[in-house]
Amino acid sequence: MSVLHEPALAWYADHARDLPWRRPESSAWSVLVSELMLQQTPVARVLPVHEAWLERWPEPAALAAEQPGAAVRAWGRLGYPRRALRLHAAAVAIRDRHGGQVPDDHAALLALPGVGEYTAAAVASFAFGRRHVVLDTNVRRVLARLVSGVELPAPSVTRAERELAGGLLPDDPGTAATWAVAVMELGALVCTARSPGCARCPVADRCAWRAAGHPAYDGPPRRAQAWAGTDRQCRGRLMAVVRDSEAAVPEHRLEAVWPEATQRDRALAGLLADGLLVRLPASDSPQGPLYALP
DNA sequence: AATTCGTGGTA
DNA sequence: TTACCAAGAAT
């Protein structure tokens with residue numbers, strides 16, 4: 001074990017958070033659900049939703065038996081509600097193609113809706129102890145600092161990063177899986193984006209970025225995520241109205257939360273195209289068409 | 001390859 | 001207050 005692995009693994013053994021999807025008794029389904037929810041969403045907001053989700057749908061087949069809209073409603077305000085649709089579709093695929101069991105190999109996981117390179121590696125590694133390069137935003141930042149000596153990684157994953165991470169991966173699958181989650185945890189708790197806690201870092205004495213005097217980020221500027229007035233804000237408002245209503249919603253209630261018609265119509269069309277909403281026939285309502293979850 | 005896609009906490 | 005950030009995926 002190297003001068004990096006030993007202190008990092010020891011630190012993880014002492015400081016790892018007790019997260020529901022990390023417990024020995026937690027299922028691969030619990031891990032998969034957590035990974036979908038954690039895509040671009042902080043742990044603190046995922047915790048209560050994940051707990052309720054596993055309580056209601058303890059296995060993939062239970063979710064697969066529901067309408068997609070049930071998943072969207074239970075998703076609540078986690079954001080990016082297409083992930084709820086994808087998780088439901090993944091549950092259907094697991095029921096139909098994998099006998100109701102979450103697949104344990106990377107290729108089969110990658111074929112599931114909503115599962116990309118990172119999530120496939122994470123589930124294979126964390127739920128099944130397989131040896132994979134798990135490259136998320138935390139790992140990328142830790143390796144950028146520790147090894148490459150820069151504050152932040154490039155905007156998108158590079159081949160060099162993947163090779164670097166692969167070169168550091170322990171040979172033993174079980175140790176590799178622990179290493180992966182340990183580096184991720186280190187990035188989440190110590191080597192954070194805003195204020196790195198070098199004083200608490202188990203590998204600070206080996207950190208290239210620290211040795212170089214913490215030089216500031218010197219890469220291409222990342223575009224800020226615009227929000228006010230965007231289609232995403234509009235979509236969020238529209239979805240909130242339907243999600244928070246038990247009954248189907250008449251159009252005037254959507255108009256009330258976004259008066260500008262052109263953008264509202266565009267956002268609504270997008271939500272219908274994405275399958276996040278359905279339009280019910282106007283013949284059933286004197287107020288015109290109604291909108292509901294699928 | 002660059003864009004799009006929610007939401008809320010924090011410095 | 002504004003800007004950044006959070007276990008990415010799909011197109």
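These numbers come from the heavy atoms of this one structure, side chains and all, not from hydrogens, waters or symmetry mates. Sequence lines set the chain letters: A, B, ... in the order given, protein chains first and strands last, and positions in each chain run from 1. Because the structure is a prediction, the values reported are computed rather than measured.
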Using whole Å, report how far CD of A/Gln233 lies from C1' of B/dC5.
14 Å
Might you confirm whether atom CZ of A/Arg159 has over 12 heavy atoms from other residues, nucleotides or ligands at distances under 6.0 Å?
no
Could you tell me the separation between the CD atom of A/Glu185 and the P atom of C/dA7, rounded to a whole number of Å?
10 Å
Gap in Å between the two C1' atoms, one belonging to B/dT7 and one to C/dT11, rounded:
23 Å
With a 4.0 Å limit, can you tell me whether A/Arg82 has a side-chain N or O closer than that to the phosphate oxygens OP1/OP2 of C/dG8?
no
Can you figure out which of C/dA7, C/dA6, B/dG6 approaches the side chain of A/Arg141 most closely?
C/dA6
Less than 4.0 angstrom between a side-chain N/O of A/Arg86 and OP1 or OP2 of C/dA9, yes or no?
no
To the nearest Å, give me how far apart CD (A/Gln225) and C1' (B/dA2) are.
15 Å
For the CD atom on A/Gln67, are there more than 12 heavy atoms of other groups (residues, nucleotides or ligands in this structure) within a distance under 6.0 Å?
no
Rounded distance in Å - OH (A/Tyr217) to P (C/dA3)
18 Å
Protein and nucleotides 9-11 of chain B: nitrogen or oxygen contacts under 3.5 angstrom:
residue, atom, partner, partner atom, Å
B/dA11, O4', A/Arg194, NH1, 3.4

Closest-nucleotide ordering on DNA chain C, the 5'-leading residue of A/Val43 and A/Leu112
A/Val43
Go through B/dG8, C/dG8, C/dA7 for me and flag the one nearest to the A/Tyr80 side chain.
C/dG8
Would you say A/Glu25 has more than 12 foreign heavy atoms packed within less than 6.0 Å of its CD?
yes
Record whether the side chain of A/Thr137 comes under 3.5 Å of the base of C/dG8 through a donor-acceptor pair of N or O atoms.
no
First encountered from the 5' end of DNA chain B, between A/Pro42 and A/Ser156
A/Ser156
Is a salt bridge present between A/Glu185 and A/Arg22, judged by a nitrogen-to-oxygen distance below 4.0 Å?
yes
How about CD on A/Glu51, more than 12 heavy atoms from neighbouring residues, nucleotides or ligands closer than 6.0 Å, or not?
no
Do A/Gln39 and C/dA10 share a donor-acceptor pair, side chain to base, under 3.5 Å?
no
Quick one: A/Leu85 CG to C/dT11 P, roughly how many Å, whole number?
12 Å
Can you tell me, in whole Å, how much space there is between the P of B/dA11 and that of C/dA7?
15 Å
Between B/dC5, C/dG8, B/dT7, spot the one nearest the side chain of A/Asp136, thanks.
C/dG8
Less than 3.5 Å apart, any donor N or O on the side chain of A/Glu35 or A/Tyr118 sitting next to an acceptor on the other?
yes
What's the shortest heavy-atom distance between A/Pro170 and A/His5, and which atoms?
CG-CD2, 3.6 Å
Ring geometry between A/His15 and A/Trp11 (parallel below 30°, tilted from 30 to 60°, perpendicular above 60°):
parallel
In whole angstroms, the gap separating P of C/dG8 from CG of A/Leu135 amounts to 11 Å
Measuring from the side chain of A/Ala224 (C-beta onward, heavy atoms only), which nucleotide among C/dC4, B/dG6, C/dA7 has the closest atom?
C/dC4
Distance between the C1' atoms of C/dG8 and B/dA1, in whole angstroms?
16 Å
Rounded to whole Å, please give me the gap between CE in A/Met184 and P in C/dA6.
13 Å
Rounded to whole angstroms, how far apart are CZ on A/Arg222 and C1' on C/dT2?
19 Å
If we take the C1' atom in both B/dG8 and C/dT1, what is their distance in whole Å?
16 Å
